[in-house]
Amino acid sequence: QVQLVESGGGLVQAGGSLRLSCAASGRTFSSYAMGWFRQAPGKEREFVAAIIWSGRTTYYADSVKGRFTISRDNAKNMVYLQMTSLKPEDTAVYYCAADSNTYRMRDSLSAASWGQGTQVTVSS
């Protein structure tokens with residue numbers, strides 16, 4: 001397993017941008033698919049984006065497609081979520097996750113490792 005630590009959350013106005021970062025520890029980071037999830041107050045956790053081990057294929061929730069971009073740097077053991085055109089409904093705690101199976105993260109909201117989360121608040 002890998003240990004994950006998110007950073008980059010904060011308060012931003014609607015229409016603004018933020019970049020979340022996730023630092024991973026562990027020698028096998030490059031073999032994992034990575035994902036971002038979010039959970040708003042009173043709501044269930046939802047899938048946001050995922051990227052396969054090589055970075056060549058990405059997946060997005062319909063609600064963020066075209067606004068968010070997931071990327072990774074295997075040399076630095078980092079994964080990023082660039083968020084643009086933010087909306088108040090994007091307000092949530094954002095979690096980084098790692099798993100050997102991209103589809104399991106996307107379709108079952110399941111992952112082998114989770115970070116502690118970072119708060120993103122978008123004001124209207």
Side-chain angles (χ1 to χ4, degrees):
Q1 288 189 350
V2 294
Q3 287 72 50
L4 306 171
V5 178
E6 303 96 334
S7 61
L11 174 64
V12 63
Q13 289 188 333
S17 300
L18 276 177
R19 188 177 82 153
L20 304 183
S21 299
C22 175
S25 61
R27 299 177 181 177
T28 58
F29 170 78
S30 61
S31 67
Y32 282 90
M34 300 297 296
W36 287 95
F37 295 77
R38 67 187 182 186
Q39 188 166 17
K43 295 187 177 181
E44 295 185 351
R45 185 172 296 185
E46 64 174 345
F47 169 78
V48 174
I51 187 168
I52 69 170
W53 67 273
S54 67
R56 291 183 177 181
T57 303
T58 56
Y59 302 90
Y60 296 94
D62 288 342
S63 59
V64 307
K65 202 170 293 183
R67 299 189 297 122
F68 291 11
T69 303
I70 188 172
S71 61
R72 66 189 298 163
D73 184 338
N74 287 343
K76 296 182 178 179
N77 279 17
M78 296 291 294
V79 63
Y80 306 98
L81 186 68
Q82 179 68 49
M83 305 185 294
T84 63
S85 301
L86 283 161
K87 305 174 182 180
E89 51 263 44
D90 294 318
T91 295
V93 177
Y94 283 72
Y95 297 90
C96 177
D99 198 88
S100 59
N101 190 316
T102 312
Y103 300 119
R104 180 160 59 204
M105 288 197 292
R106 184 191 68 183
D107 301 334
S108 302
L109 308 184
S110 176
S113 300
W114 294 89
Q116 83 289 349
T118 186
Q119 177 70 47
V120 171
T121 302
V122 184
S123 62
S124 57

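Starting from 1, each residue takes its place in the sequence as its number. Side chains are part of it too, since the values below use all heavy atoms of this structure and drop only hydrogens, waters and symmetry mates. Being a predicted model, the structure only gives us computed values, none of them experimental.
- The number of heavy-atom neighbours closer than 6.0 Å to CD of Gln116, taken from other residues, nucleotides and ligands shown, is above 12.
- The CZ atom of Phe47 sits 9.5 Å away from atom OG of Ser63, with the distance rounded to the nearest 0.5 Å.
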Which atom pairs, one a donor and one an acceptor, fall under 3.5 Å between side chains of residues 8-22 and the rest of the protein, sequence neighbours left out?
none

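- Annotation for Ser124 and Pro88: closest pair CB-CG, 3.8 Å, computed over non-hydrogen atoms.
- Panel note: side chain Asp99, backbone Ala112; a donor-acceptor pair is recorded below 3.5 Å.
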Between Lys87 and Asp90, is the salt bridge (Lys or Arg N to Asp or Glu O under 4.0 Å) condition met? List the steps.
CA-CA 5 Å; Lys87 305 174 182 180; Asp90 294 318; over 6 Å; no
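- Note that the CZ atom of Arg45 and the CH2 atom of Trp114 stand 4.5 Å from one another [nearest 0.5 Å].
- In this structure a side-chain-to-backbone donor-acceptor pair under 3.5 Å is missing from Ser85 to Arg67.
- Here the closest non-hydrogen pair linking Gln39 and Ala92 is O-CB, 3.4 Å.
- Summarising the geometry of Val79 relative to Ser71, their closest heavy-atom pair is CG2-O, 3.1 Å, with the distance given to 0.1 Å.
- Minimum heavy-atom separation, Phe37 to Ala97: CE1-CB, 3.8 Å.
- Minimum interatomic distance between Arg72 and Tyr32 (heavy atoms only, all atoms of both residues): NH1-O, 2.7 Å.
- Note that CD of Glu6 and OH of Tyr94 are 12.5 Å apart. Values are rounded to the nearest 0.5 Å.
- Side chains of Arg38 and Leu81 form no contact here, defined as non-hydrogen atoms less than 4.5 Å apart.
- Side-chain contact between Met34 and Leu4: present, with at least one pair of heavy atoms (C-beta onward) separated by less than 4.5 Å.
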Would you be so kind as to tabulate the donor-acceptor pairs closer than 3.5 Å made by side chains of residues 48-61, with sequence neighbours excluded?
| unit_1 | atom_1 | unit_2 | atom_2 | d |
| --- | --- | --- | --- | --- |
| Ser54 | OG | Arg56 | N | 3.3 |
| Tyr59 | OH | Tyr103 | OH | 3.2 |
| Tyr60 | OH | Ile70 | N | 2.9 |

Apply side-chain contact (heavy atoms from CB on, under 4.5 Å) to the pair Thr91 and Gln119, showing each step before the final yes or no.
CA-CA 8 Å; Thr91 295; Gln119 177 70 47; 4.0 Å; yes
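- Taking all atoms of both residues into account, the shortest heavy-atom contact from Met83 to Val120 is CE-CG2, 3.9 Å.
- One hydrophobic cluster holds both Phe68 and Trp36 under the rule that ILVMFWY side chains link at heavy-atom gaps under 4.5 Å.
- Summarising the hydrophobic clusters (Ile, Leu, Val, Met, Phe, Trp, Tyr; side-chain heavy atoms under 4.5 Å, direct or chained), the residues clustered with Met78 are Tyr80.
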